[in-house]
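As structure tokens, the structure follows; a few thoughts come after it.
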Amino acid sequence: MAKIAAVRAREILDSRGHPTLEVEIATTTGHQARASVPSGVSTGRREAVELRDKDPERYLGRGVRKAVDCVETDLADVLVGRDSDDQPGNDRAMIRADGTEDKSRFGANAILGCSLALARVAADREGAPLYRHLGGEQAMVLPVPFLDVIAGGAHANNALDIQEFMIAPIGFRRYSEALRAGAEVYHAVRAELVERGFATGVGDSGGLAPSLAHSRETIELILRAIARAGYAHGTQIALALDAAASAFRSGGTYVMAQEGRDLTTDELIDYWALLADEYPLILLEDGLAEDDWPGWAALTRRLGERVELVGDDIFVTNPRFLAEGIAARVGNSVVIKPNQVGTLTESMETIGVARRAGYGIVISGRSGETADDFIADLAVATRAGRIKAGAPVRGEHVAKYNRLLAIERELGAAGSYAGHEFVR
Ligand code: PGA
Ligand code: ZN
């Protein structure tokens, strides 16, 4: 047995230039591993809480020195001497010591950094790749990458209401072929924008952020780009949206800039139905706001048979909220962002709840990322079949997609690609 010997943390920068944590754990057997923690901007209200310093003199108040301190004192006190392989036990011990519902005492960022580093240490001790350590022999399915190509909402400074316009390269036999097609389409989108004189800066998740204002115009542009790159939309490359609708919900209505008016829940559902009728839309994340449960149930009745309706803000990777959603027939899929709940064990629990209910599982990064590629292994380990890690550009995103290329290579002929799950 190995025991946890040391727990260290430091303040590093994330992809937005805000501080986040990197945690390093060492065992008595000389194994050690690191993990770093991402951070979102369109956060759900019920997410576990990040501990931030709120010292206006440093990093606009976003410093994480307090969280670093919690790792090296409080959490180290909990963890040092414990069996490093006991992930659930260690996670539960941290949860217990924190003692709050939302992990606000030590910080979900502090706790998650420890939790993920522990998983890596245990994999290292087992001498197994992380996906195999977490998922066993069945971890052989490469996920469909949902690639952000156009950014709006809170991820960009344009007028698009929808936060992420994504492409899903489903009609391919291998992950590497799918990723290649996705990257080629991304470049074609860029070329379409250049031709029309749009700026080609990118948003927080790497999607291009032109000054477009209308969703349909944006979707049409993406469809042209798919053709331009030589692919068929629908059968080879499908579309997906993360509306992040909580961000434009206000006073019981949806304030959509492109419409120039407020939409009721029913009107917004009609709008999504129209897009699903006209375009090869296979997945819609946060089509309604986190506080609009009746609306979510109505949306699910209306579109649940043909579109994967993914709950992000509404479930926040929390097994309890997801179970409530399943009972209320809300959505048919869930985003898994470990930092929303704060431990790997709870993330796995949520994945189990989703799987037993036949819900889809979308392993996701955040808009503030690091080069840590943990979620790539997590997606393979859990046979989720879906990963969302931003655009196929910039280091913090391609780290995940490239890790999946390595896993595909390692699995060889035994590996399969989840694209066929979506081909009708
Ligand atoms: P976030 O956005 O990481 O900024 O919260 C990603 C998402 O909403 O899925
Ligand atoms: Zn989302």
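Remember, it's 1-based here, ligands and their atoms both numbered in the order they're listed.
- Taking backbone and side-chain atoms together, Asp242 has an N/O/S atom less than 2.8 Å away from the Zn ion (ligand 2).
- Classification of Arg16 and Glu369 as a salt-bridged pair fails, no side-chain N sitting under 4.0 Å from a carboxylate O.
- More than 12 heavy atoms of other shown residues, nucleotides or ligands fall within 6.0 angstrom of atom CZ in Arg394.
- Protein residues with a heavy atom under 4.0 Å from ligand 1 are Gly40, Val41, Ser42, His155, Gln163, Glu164, Asp242, Glu285, Asp312, Lys337, Arg366, Ser367, Lys388.
- Between the side chains of Tyr417 and Glu177, no donor-acceptor pair is found at a separation under 3.5 Å.
- Using a 4.5 Å heavy-atom cutoff, the side chains of Cys114 and Val7 are in contact.
- The ring pair (Phe, Tyr, Trp, His ring centres under 6.0 Å) analysis of residues 360-408, with sequence neighbours excluded, yields no pairs.
- Residue contacts to the Zn ion (ligand 2): Glu285 brings an N, O or S atom closer than 2.8 Å.
- Restricting Asp312 to its N/O/S atoms, the shortest distance to the Zn ion (ligand 2) is reached by OD2.
- No side-chain heavy atom of Ile25 sits under 4.5 Å from any side-chain heavy atom of Arg34.
- Checking each of Arg366, Lys400, Arg403, Arg120 against Asp372 for a salt bridge (charged side-chain N to carboxylate O under 4.0 Å, His left out) leaves exactly one that passes, namely Arg120.
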